[in-house]
Amino acid sequence: MASKLWEKSVQVNHDVDTYTVGKDREMDMYLARYDVLGSLAHITMLESINLLTAEELATLTDALREIYSEIEHGKFKIEDGIEDVHSQVELMLTRRLGDTGKKIHSGRSRNDQVLVDLRLYIRSEIEEVVNVMTVLFKTLISQSERYKNVLMPGYTHLQVAMPSSFGLWFGAYAESLADDLTVLRAAYEITDRNPLGSAAGYGSSFPLNRTMTTKLLGFASLDYNVVYAQMGRGKTERIVANAIANIAATIAKLAFDSCMFSSQNFGFIKLADEFTTGSSIMPHKKNPDVFELTRAKCNKLQSLPYQITLITNNLPSGYFRDLQLIKESFLPSFDELKDILVMTNAMMSQIKVNEHILDDSRYDPMFSVEEVNRLASDGMPFRDAYKKVGLEIEAGQFKARKEVHHTHEGSIGNLCNGQIENLYRSTLEKFDFNTYHTAFAKLLGRENG
Ligand code: ARG
């Protein structure tokens, strides 16, 4: 019995099949519900150009909605011997509806299906990432406000440099996320375009109504050129992966700071006990494993754009099976990122800050610039003031006055957290998730629920 959509007279070699299908069945489970949504839009459009009758459309729509709900309830499976999700859905329709099921593939190719499935998947996943990222952003801002008067040392070259504060430290990571959101928003905009209708990558002689499927799937617009639409495979993933990597880089740095600052030699922060792990040999140990794994997971995510670049490098235009492999590292990366963000938020909201770091005289020299500036404000030329304080330090006579008067924008005394919140919010407001939610509800016949 033929088990491939494309199998005709020659039987497929089993080893070749195993090799080429690889992990695709597992990966395609991420895409299953989107494959059904894509098909719902496609058949609605096929009926409008008379390639399906109204009755066929109604029967197919019901059957696809049923499959969708099976996917939601964990009852959908890509069977052994079935190549991918696209084949599985078509097979189920054919089993249930006979010849009508075989009609849905008119004017379409699996290259087209996987393209649209990926866009729909990415769009939903970005929405979830934005939601958890926003929770973390708010936590960082509120911790920054809460600890804005608690000073800590700032470092350059890991040498004690100048006074900093926990207000600055938390707020810096909030602002970093605001920039990461800007890039994610750009990646979303590129994702939010409909590639469906490119068929195998060169369009179709059927008069497909691509504007219609664009609306039905709640896309902002479409990839116009069908060759370019196919070129979007790999390119979209790489752009999105870069956006993911930015967020990961922000969190990796935060994780490293946190590991370092919680070490006894710093003692700046304390992690809540439930976020530390013990040692099998040293009874006193409370290790920051959660931050260490966060750092490593973030570093791993930062390799994603490079993997995609290497898989797609030097491929000419047009579809190639190489592209399939991108799914293996790309699709699970959203869950990894969301886990990281949720865990980081939990740790950041419970972190305990040492309010007496500067009682330790080893940090006194960092007030030297404050003293130089004070002398300079009183009229002494800066270079002379610098020398005077330098000589005092060398002679062990420097007396630190531990007050700081930083008032300019973004400094210890003027964090500009309100402006940082505005920056984040203005980007957040540009995301329009409602259009696609409404479109999906319509396709699924769930407008009123
Ligand atoms: N599993 C394939 C992929 O991810 C689906 C497209 C198959 N197309 C083909 N021409 N073999 O790329």
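Order of appearance sets the numbers: ligands from 1, and atoms from 1 within every ligand. When reading the values below, keep in mind they use all heavy atoms of this one structure, side chains included, and skip hydrogens, waters and symmetry mates.
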Qualifying side-chain hydrogen bond (donor to acceptor under 3.5 Å, both in side chains) pairs, either residue in residues 258-275, two or more places apart: D273-K286
Whether Y34 and F440 hold their rings parallel, tilted or perpendicular, with breakpoints at 30° and 60°: tilted
Sequence neighbours excluded, every pair satisfying side-chain hydrogen bond (donor to acceptor under 3.5 Å, both in side chains) that has a member inside residues 234-243: R119-T236, Y228-K235
Stacked cation flag R233 on Y319, 6.0 angstrom / 45 deg: no
Under-4.0 Å heavy-atom contact with ligand 1, by part of L323 that carries it: neither
Flag, side chain of H86 to backbone of N111, donor-acceptor distance under 3.5 Å: no
Ligand 1 contact by N111, heavy-atom criterion under 4.0 angstrom: yes
Q113 to ligand 1, any heavy atom closer than 4.0 Å: no
Exercise: identify the closest heavy-atom pair between L52 and K103: CD2-CB, 3.7 Å
N or O pair under 3.5 Å between K327 and ligand 1: yes
Polar contact flag for D28 and ligand 1 (N/O pairs, less than 3.5 Å): no
R321, any N or O under 3.5 Å of ligand 1 N or O: no
Sub-4.0 Å atoms of ligand 1 with respect to non-hydrogen atoms of R233: 3 (C), 4 (O), 12 (O)
